[in-house]
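In what follows, a structure is listed as structure tokens, so that the remarks can point back to it.
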Amino acid sequence: MQGPSILPLALENISLQHEGLPILDRINMLVARQRTTVVLGPNGAGKSMVLKVAHGLISPDAGHVRWSNLSGAKAQTRQAMVFQKPVLLNRSVLSNIVHAVRLQGIDKAAAVHRAHMALERVGLGDLAGRRARSLSGGEQQRLTFARAWARDPEVLFLDEPTASLDPAAGWGIEEIIVELRREGRTVILSTHDLAMARRLADDLVFLHRGRALEAGAAATLLTAPRTAELEAFLKGELRW
Amino acid sequence: MTDIAAGFAAAFQLLLSFDAGLWEIIALSLEVNLAAVFLSCLIGLPLGGALAVYRFRGRKALIILINALMGLPPVVVGLMIYLMLSRSGPLGSLNILFTPGAMIIAQAILVTPIVTALTRQITEALWLDYREQLTSLGSSRMRAIPTLLWDGRAALFTAVLAGFGRAAAEVGAVIIVGGNIAHHTRTMTTAIALETGRGNLALALGLGIVLVTLAILLNTAAWMVRERSMPEAALLGVDR
């Protein structure tokens, strides 16, 4: 990771509506450096929207996204996002990564080198020449991680990255996330998977019906929830 | 029936004997058609891609207009080009009326809306899938256009073939602006019309056979391109 840090990230009073219905309601959130922040909540809570607003894919109707001293556009070059459903270009495994790296203005030879290194790290080194879309679901998701990794981001947004994978593939992805964290990258992860949150989270933001009901250290919130909603969610009794 | 059988026999004889007159017409037709399709692609592919990714006032009206232009009557186009290029017309000084150049312009005007409209449709569907991922990677809309065109190349090849089909089958416009002059502007379609009128069915049928064979060959090539670029569909047994 090169250059000054773009963190901390602050979401201030973020509100978002869709067709008149509130999706996010005055969300406040602070993300510190080199932490894994998990945005936890049931389906439809607005977790993906929080990540997309923070990453700059969606403009909020109200509120601000602040990245240290940088503007959103400059800060975006230091971020990467992995989506729940892998979106891969109709080309080879290697070309998918090279394309992503070259968008950073890096020359082709360096991009190819980075792509090979990233593929090795996620265990896809032997599949560089294969068509990306012919990979299995787990391999495709690993490829999206390799693509993100090759761009050397300081901040990684992971939108339910294991939601559509079998347990074995999910474990493989979690190992990659742990490795990314070990390198000092900051991870912001959305999930409804409580066990995953327990394994990975340093900090936690609990979302319910578009509102951030609780935020703080994961170890504290997961053992001593302050709201009835989080308590019910931890017991698997929360109705959405 | 006897006339038709005799016509086919004579046609094959002409083709197999490499009749110079016949092959001259075939060569000019291909030259005009391919040049017109090339021009249409130069305009239609980026324009269709831009219509897919950009949002601006009047976009819907422009799409409707381009879709409507797909059904442009060739004789009307021919007449308009004739008036423009005739000695008293605004482009009369170019002095290209009754030349292959005028025929290329006329066919390009007929083919461009087809290539543009189909490109817009194909790339817009891709853009819906790719938009968030490409934006996340820092790709501008302008930069996304070549990505979409490359990834949609198999479907776009079919769009280009549709354009070529329009050009190859066209007779009304080229006969007006080309004049069907022997050894100069006589194409397969105009020659078929002329020779049928003269009762020279062998030559007319020979040209017809070449036209149909060309269509089959091009569609076979299109099929092979799709097979190569979408092997995962074959793997899954997806009906294309």
- Part of residues 113-130 of chain B lying next to chain A, heavy-atom separation under 4.5 Å: Asp129(B), Tyr130(B)
- Hey, are Asp159(A) and Lys47(A) close enough for a salt bridge, meaning a charged N less than 4.0 Å from a carboxylate O? no
- Message: Show me the pairs that pass ring-ring contact (aromatic ring centres under 6.0 Å, His included) and involve residues 23-74 of chain B, at least two apart or across chains.
- Response: Phe18(B)-Trp23(B)
- Item | Interface residue of largest heavy-atom contact number with chain A, from Arg143(B), Arg131(B), Glu132(B), under 4.5 Å | Glu132(B)
- Kindly state each residue pair satisfying side chain to side chain donor-acceptor pair (under 3.5 Å) with at least one member in residues 33-49 of chain B, sequence neighbours excluded. Asn33(B)-Gln107(B), Ser40(B)-Thr112(B)
- Item | salt bridge (charged side-chain N to carboxylate O under 4.0 Å, His left out) partners of Asp193(A), counting only residues at least two apart | none
- Note on the structure: Most heavy-atom pairs under 4.5 Å with chain B, out of His55(A), Met81(A), Arg91(A), belong to Arg91(A)
- One should read off an interatomic distance between Ser136(B) OG and Leu57(A) CG, to the nearest 0.5 angstrom, of 5.5 Å
- Non-hydrogen atoms of chain A under 4.5 Å away: do they reach the side chain of Thr147(B), the backbone, both or neither? both
- Test salt bridge (Lys or Arg N to Asp or Glu O under 4.0 Å) on Arg185(A) and Asp152(A) and set out the steps. CA-CA 9 Å; Arg185(A) 299 178 202 279; Asp152(A) 192 26; 2.9 Å; yes
- Quick one: do Glu139(A) and Arg142(A) make a salt bridge, cutoff under 4.0 Å? no
